[in-house]
Protein chains: 2
Amino acid sequence: MQTLSTEDYLKAIYHVSQSSPGAVATTSIAKQIGAKPSSVTDMFKKLSDQNLVKYQKYNGVSLTNEGIKTALRIIRKHRLWESFLVSHLNFNWDEVHQVAEQLEHIQSEKLTNELERFLDYPTHDPHGDPIPNRALFMKTYNKILLIELPVNKEGVCIGVKDNSSDFLRYLDRRQIGIGTPLQILHREDFDDSLHIQAGKSTLMITKKTAENIYVKP
Amino acid sequence: MQTLSTEDYLKAIYHVSQSSPGAVATTSIAKQIGAKPSSVTDMFKKLSDQNLVKYQKYNGVSLTNEGIKTALRIIRKHRLWESFLVSHLNFNWDEVHQVAEQLEHIQSEKLTNELERFLDYPTHDPHGDPIPNRALFMKTYNKILLIELPVNKEGVCIGVKDNSSDFLRYLDRRQIGIGTPLQILHREDFDDSLHIQAGKSTLMITKKTAENIYVKP
DNA sequence: CAACAAATTTAGAGAAGTCTAAATTATTTT
DNA sequence: AAAATAATTTAGACTTCTCTAAATTTGTTG
């Protein structure tokens, strides 16, 4: 049974280790959590005592199997709650995160599993991220950035890389969301802008935008 | 913005003050919370500093208006979540409490209000207790104990006094729940047992049982 | 490879909440 | 009303998590 704080750390370690392989550095977790490096070191020791991470002084941590399982259980809850908030409680993409951060700590297996059933066993959350199932297994399907999609090939929006409210609201205004069909019509070499087909409308987006949208080809 | 602990105390103070008028004693909160009286004294001081209670040494506390509002906000969330768990997530009477104790601390006005809308503005939770509305007002309808119901007068089960799992499961087995019509057919003076009509079946219950069921006449 | 910079850890302290044990106040009993 | 009992508070300590400031280790560069 973990405290709120240890759960936050495990989740942060999991996420950082996903985006960059190898051991996770003290500073990277400090940034993610919003704590000072010295606090992170303290927590690393605590997690190590509980065999949730392997910790080597001056060389960061890596999750043990038990640590990975604990992290996935939290991520499972987080993504199920996000799905619920969007599908039944009228939350938008950009509003769910803060609340899901709280809900992910609720301890009740029955609650999690019943919520999953109620949502009809969703495989992905509103940001397009995969939801671990009861056995903590998740389907990671082949996702690429919109910028990498070949011209004239059809894709479907399945998520975003940048989760900032600004970006999510920008996409909402352009009527781009999970499931929107996307296609690159033309790449402008001059300024790297793109003309795209998004659902039924055609519009122009910048390179930066195209680098932050995930699509399934 | 309160901590988990202060929220628990405010709720406990509210409940105790409802069942016995006047100032709330240190010991009664200690029992309710499961803490030592000395810890309760500490917390009383903290709550007093925040103007959530009025505290007089050696004479317990009483909630200020601000304290009452805070307590009601928590109770509102608790009862809405209990309703959700029972109506949509297959929880039973006796399983909801522990989970709702956690969920009641989630901070998001939008979440609370959307949940209320999703549940279609329920006025009472699965134990028959009234749910404060957005303005923190609740309808407390005229409820009496089954033992006080005159013979042959019809009533409807609206809740219970004893919330123990044992009792709730006992009622489940007898098919008595919220909304079940109840009627006393005969009082046995010899051993204080009662013959009652519960829905479509007639059964015998003890005095103790009848003292723990609330009915609306 | 020495010197500097960056990252990390240690040491010591603070806030929140809890406890035990002792002291104090209130209440009840005789 | 004094003595005994119960309730409450104080004092001091502990745990968890956090911080700042200083010390140490690692890496990077001239």
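Lettering of chains follows the sequences in order, A, B, ..., and the numbering in each one begins at 1.
- Taking only side-chain nitrogens and oxygens, A/Y55 comes nearer than 4.0 Å to OP1 or OP2 of C/dT9.
- C/dA16 atom P lies 16 Å from atom CD of B/E7, rounded to whole Å.
- A salt bridge links B/E95 to A/K110: at least one charged side-chain nitrogen sits closer than 4.0 Å to a carboxylate oxygen.
- Between A/R73 and A/E109 there is no salt bridge, since no side-chain nitrogen of the basic residue lies less than 4.0 Å from a carboxylate oxygen of the acidic one.
- Listed pair A/Y58 / C/dA6 fails the phosphate criterion, with no side-chain N or O lying under 4.0 Å from OP1 or OP2.
- The separation between B/N59 atom CG and D/dT9 atom C1' is 14 Å, rounded to whole Å.
- Contact check of residues 36-54 of chain A against DNA chain C (heavy atom, cut-off under 4.0 Å) returns A/P37, A/S38, A/T41, A/K45.
- In this structure, A/R76 does not pair ionically with A/E104, as no charged nitrogen and carboxylate oxygen lie closer than 4.0 Å.
- Atom CD1 of A/I29 is separated from atom P of D/dC17 by 16 Å (rounded to the nearest Å).
- In this pair, B/F84 and B/W81 present their aromatic rings perpendicular. The plane angle is above 60°, beyond the 30 to 60° band.
- Every residue was checked against the salt bridge (Lys or Arg N to Asp or Glu O under 4.0 Å) condition with B/K216, not counting sequence neighbours, and none meets it.
- With respect to A/E148 and A/K161, no salt bridge is recorded, no charged nitrogen being found less than 4.0 Å from a carboxylate O.
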